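Accompanying notes for the structure given below.
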Amino acid sequence: MNYDKVIKLALERGFYFPSCEMYNNSPAGFWEYGPNGVSLKNKFLELWRRELVRRDNMMEIDGSQIMAKSVFEASGHLASFADPIVKCTKCGSTFRADRMISESCSVVIPESADLVEFDDVIVKNGIVCPRCQGALDKTKKFNMMFRVGIGPEGEDAYLRPETCQSIFVDFPRLYKTMRGKLPMGVAQVGKSFRNEISPRQSLLRLREFYQAEIEIFCNPERLHDASKLERVKDVTLHIDNREITCSEAVDDGVLPNEFIAYYVGILTEFYQKTGISMERSRFRKLGEKEKAFYASVAFDFEVETTIGWLELVACNYRTDYDLSGHAEHSGESFQVMDGDQRVLPHVFEISMGIDRSLYCILEHSLMEDDENNRTVLSLKPYLAPRHVGVLSLVKKDGLREKTDSIHEDLNRKYDTFLDHAGAIGRRYRRLDEVGCPFAITVDHQTLQDDTVTLRDRDTMKQRRVSLSDLDDTLSESLTFPV
RNA sequence: GCGGUCAUAGUAUAGCCUGGUUAGUAUGUUGGCCUUCCAAGCCAAUUACCCGGGUUCAAAUCCCGGUGACCGCACCA
């Protein structure tokens, strides 16, 4: 299934759509989730909590989206989350200053250098616009964070460009008050904001987006403990073009230690349960130049789609980069006791893009069933926006009333969809398109013996189920897997 | 931000070149009839020319500007 079909489904069936679409000055890169999108997202996150947060006994927080300027001085984002750009005064083209200079005259300037250094080299070497030979303007910094003005004086603060900074600044309190012990995982779901130059492709490149981030605080001297890895040692990983188990990955040096291998393992088990094809997924170790400025080791979890490989998760070993930065800027101590050892914890991060993950689930689940002339969103039942359609075969002879009462018995426990209108086949097709795994239909026999038909989305097969067994039957298929 | 292409109902499109239509079609949606378990049929209803300006007696149509989308470049924690 391809990108166009997914976006068409998203627009037509209330999964997601552009924000403020009726106003023509609405900026790009902002999308909203409709009813089915929210329901899918909530269930995806519930699965994430089960498979990662609860499984590893992590704690979850919900931090504020606007954060103090100092946070980003300490984190390095004010200095490093910005690109030096230079603009041509004649044709208006914009270039990354460091790249353009190294291409024009092989002088290498680090991107974090002072802006005057770029200007000096441009003047000294007579560099002009590579496109039109026009004169270049002065180099500027383009910072990708959104600045906000707080209070009447409009004091500087920033929308967080990643959710994890709240986890870092909250770490000392969490450790003290929540009886922290290393390794300690802290998770957060929330919005992050980045002023992308060119947002693209709906959910895949947003200016405002959801992240589910996990930061595991650990003792850097105890990364070879294999006790947790035991649980996932046989999980198969696609990594660096190989197919190996978690424990083999450590033995072969593909993954640096047991600690990281364990988290890569549970992350893989999580994604297996989302319905994303693991055959079309991989971990990829990032090279020195691809890594973020804070990472010493970085793996991306990537999924193949019709528009290429997408990065869904960044796994970064951030060392003590963040905690030492915040310790230095705030004066607070971030050291903790691990046994009888005083340590400044290191951080391993699992930073997940929720929107991208949802897109991949949709693309990998969407099927065209030509034989039956239908489109089926073959979601895992526990992720489906609607669990069960409740339909009356016809409205008359009391079937409507019977159906309504069955619906009332179900709709507090399940996400249901009540539908009386139109041809039954059309109603089944509509449910198929939003991934609803089951439909029960009330017919004349129901009035006689309190049974209904239960239709399975993927096979279209039906069986008769007694109303008294209905709850058990549905629960069995709709609860999250263990 | 640059270049190319594009913008008409929920969705997909015709009409634009050559200005004047009641803006057509398909599908969807809503109600009704019929049917009574897989997008059937019939009747009715419903919904659109991206925004702003210009040219003109008259603009969906021609011109300018803006915004957005797609592709490429670049960027991408």
Side-chain angles (χ1 to χ4, degrees), chain A residues 3-5 7-14 17-30 34 75-77 80-83 85-88 91-96 99-100 111 129-132 142 144-145 160-165 192 194-202 204-207 209 211 213 286 290-295 298 300 307 310-311 313-316 318 321-322 349 351 353 369 372-375 391-397 399 421-433 439-445 452-455 457 460-462 464:
Chain A
Y3 177 82
D4 290 337
K5 296 255 174 71
I7 194 143
K8 187 170 180 238
L9 179 85
L11 292 168
E12 284 182 350
R13 297 288 177 211
F17 42 85
S19 182
C20 321
E21 56 183 334
M22 64 176 55
Y23 288 104
N24 59 45
N25 64 347
S26 50
F30 299 91
S75 72
H77 283 85
S80 303
F81 195 54
D83 294 328
I85 55 170
V86 65
K87 196 168 178 174
C88 170
C91 73
S93 300
T94 307
F95 304 94
R96 267 202 49 167
R99 294 195 174 206
M100 195 205 59
E111 60 170 296
C129 173
R131 288 244 175 89
C132 75
F142 175 69
M144 305 233 308
M145 285 194 294
R160 59 186 181 188
E162 52 179 10
T163 57
C164 60
Q165 290 306 323
S192 291
R194 295 177 192 175
N195 199 359
E196 296 284 350
I197 297 170
S198 167
R200 283 279 163 93
Q201 291 167 321
S202 60
L204 305 181
R205 189 83 174 278
L206 294 159
R207 288 188 166 128
F209 59 100
Q211 288 186 306
E213 290 197 300
L286 300 188
E290 289 179 292
K291 287 187 306 190
F293 59 84
Y294 46 67
D300 276 356
I307 49 174
L310 296 179
E311 300 164 19
V313 186
C315 301
N316 295 306
R318 299 176 73 125
Y321 178 90
D322 303 280
E349 158 184 87
S351 170
D369 178 0
N372 294 297
N373 190 24
R374 61 181 191 146
T375 302
L391 316 177
S392 51
L393 187 59
V394 290
K395 277 179 275 198
K396 58 189 181 185
D397 302 333
L399 292 187
I424 192 76
R426 177 179 301 278
R427 284 180 274 165
Y428 288 145
R429 293 299 185 281
R430 265 196 299 250
L431 292 169
D432 289 341
E433 272 190 41
I440 64 168
T441 304
V442 174
D443 56 17
H444 287 94
Q445 193 183 329
V452 291
T453 60
L454 179 67
R455 173 189 184 265
R457 173 195 65 202
M460 296 173 67
K461 291 225 170 76
Q462 288 180 293
R464 273 208 100 79

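Lettering follows sequence order; numbering is per chain, from 1. No experiment lies behind these values; they were computed from the predicted model shown.
Base contact: A:E433 has a heavy atom under 4.0 Å from a base atom. Residue-level contact check: A:Q201 touches the backbone only, with heavy atoms under 4.0 Å from sugar-phosphate atoms and none from bases. Across all strands shown, A:A314 has no heavy atoms under 4.0 Å from either base or sugar-phosphate atoms. When heavy atoms are screened at a 4.0 angstrom cut-off, A:Y3 is found touching the sugar-phosphate backbone but no base atom. Within the nucleic acid shown, A:H77 comes within 4.0 Å of at least one base atom, counting heavy atoms only. If you check every strand for non-hydrogen atoms under 4.0 Å, A:R455 touches a base. Using a 4.0 Å heavy-atom distance criterion, A:D443 is classed as a base contact.
In this structure, A:L393 places its CG atom 11 Å from C1' of B:rC38, rounding to the nearest Å. Rounded to whole angstrom, the span from the NZ atom of A:K461 across to the P atom of B:rC37 amounts to 19 Å. Rounded to whole Å, atom C1' of B:rU35 lies 13 Å from atom CG of A:D397. For the pair A:K8 NZ and B:rG10 P, the computed distance is 14 Å after rounding to whole Å. Nucleotide B:rC38 holds its C1' atom 11 Å from the CG atom of A:N373, rounded to whole Å. Per the geometry, CZ belonging to A:R205 stands 14 Å off C1' belonging to B:rG72, to the nearest Å. Following rounding to the nearest Å, A:F30 (CZ) and B:rA69 (P) show an atom-to-atom distance of 11 Å. The CD atom of A:E21 sits 9 Å away from the P atom of B:rG10 (whole-angstrom rounding).
The shortest distance between side-chain heavy atoms of A:D322 and A:Q165 falls below 4.5 Å.
With sequence neighbours excluded, the residues forming a side-chain contact (heavy atoms from CB on, under 4.5 Å) with A:A298 are A:L286, A:K291, A:A295, A:N316, listed by chain and number. Remark: A:N372 engages A:D369 in a side chain to side chain donor-acceptor pair (under 3.5 Å) (not counting sequence neighbours). Shown here are the ring-ring contact (aromatic ring centres under 6.0 Å, His included) partners of A:F209, two or more places apart in sequence or in another chain: there are none. Applying the side-chain contact (heavy atoms from CB on, under 4.5 Å) test to A:T375 and every residue at least two apart in sequence or in another chain returns A:L366, A:E368, A:E433. Every side chain to side chain donor-acceptor pair (under 3.5 Å) that A:D443 has, sequence neighbours left out, goes to A:T446, A:R464. Legend: residues meeting side chain to side chain donor-acceptor pair (under 3.5 Å) with A:R429, ordered by chain and number and at least two apart, are absent. Residues passing the ring-ring contact (aromatic ring centres under 6.0 Å, His included) test with A:Y3, sequence neighbours excluded: A:Y359.
B:rC51 and B:rG68: their C1' atoms are spaced 10 Å apart (whole Å). Between B:rG4 and B:rC76, the distance separating the two P atoms is 25 Å to the nearest Å. Using atom C1' as the reference point in both B:rG24 and B:rC34, the two lie 30 Å apart (nearest Å). Rounded to whole Å, the separation between the C1' atoms of B:rA59 and B:rC17 comes to 15 Å. Of the P atoms belonging to B:rU61 and B:rC6, the separation is 15 Å, rounded to the nearest Å. On the C1' atoms, B:rU11 is 15 Å away from B:rA39, given to the nearest whole Å. With both ends at atom C1', the span from B:rA45 to B:rA9 equals 14 Å, rounded to whole Å. B:rG41 and B:rU27 are spaced 8 Å apart, taking the P atom of each and rounding to whole Å.
A:Y321 places a side-chain N or O within donor-acceptor distance of the main-chain N or O of A:S75, the cut-off being under 3.5 Å.
Ionic pairing of A:E213 and A:R160 is not present here: no N-O contact between side-chain nitrogen and carboxylate oxygen is shorter than 4.0 angstrom.
Among the nucleotides B:rU35, B:rA69, B:rA40, the one closest to the side chain of A:K396 is B:rU35. The A:E196 side chain lies nearest to B:rC76 when the options are B:rA39, B:rC37, B:rC76.
For the pair A:D4 and A:Y428, nearest-nucleotide mapping onto RNA chain B gives the more 5' position to A:Y428. Along RNA chain B, the nucleotide closest to A:R374 and the one closest to A:E12 are compared, and the more 5′ of them pairs with A:E12.
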_Dot-bracket notation for RNA chain B, counting Watson-Crick and G-U pairs under 3.5 Å, with | for partners on another strand_ = (((((((..((((......[...))))((((((.......))))))...(((((..]....))))))))))))....
*Contact letters for nucleotides 27-33 of chain B, in which S counts primed atoms plus P, OP1 and OP2 and B counts the base, heavy atoms under 4.0 Å*: -SS-SS-
*asked:* Please evaluate residues A:S351 and A:E162 with respect to the criterion side-chain contact (heavy atoms from CB on, under 4.5 Å), reporting the C-alpha separation (whole Å), side-chain torsions for both, the decisive distance (0.1 Å), and the verdict.
replied: CA-CA 9 Å; A:S351 170; A:E162 52 179 10; over 6 Å; no
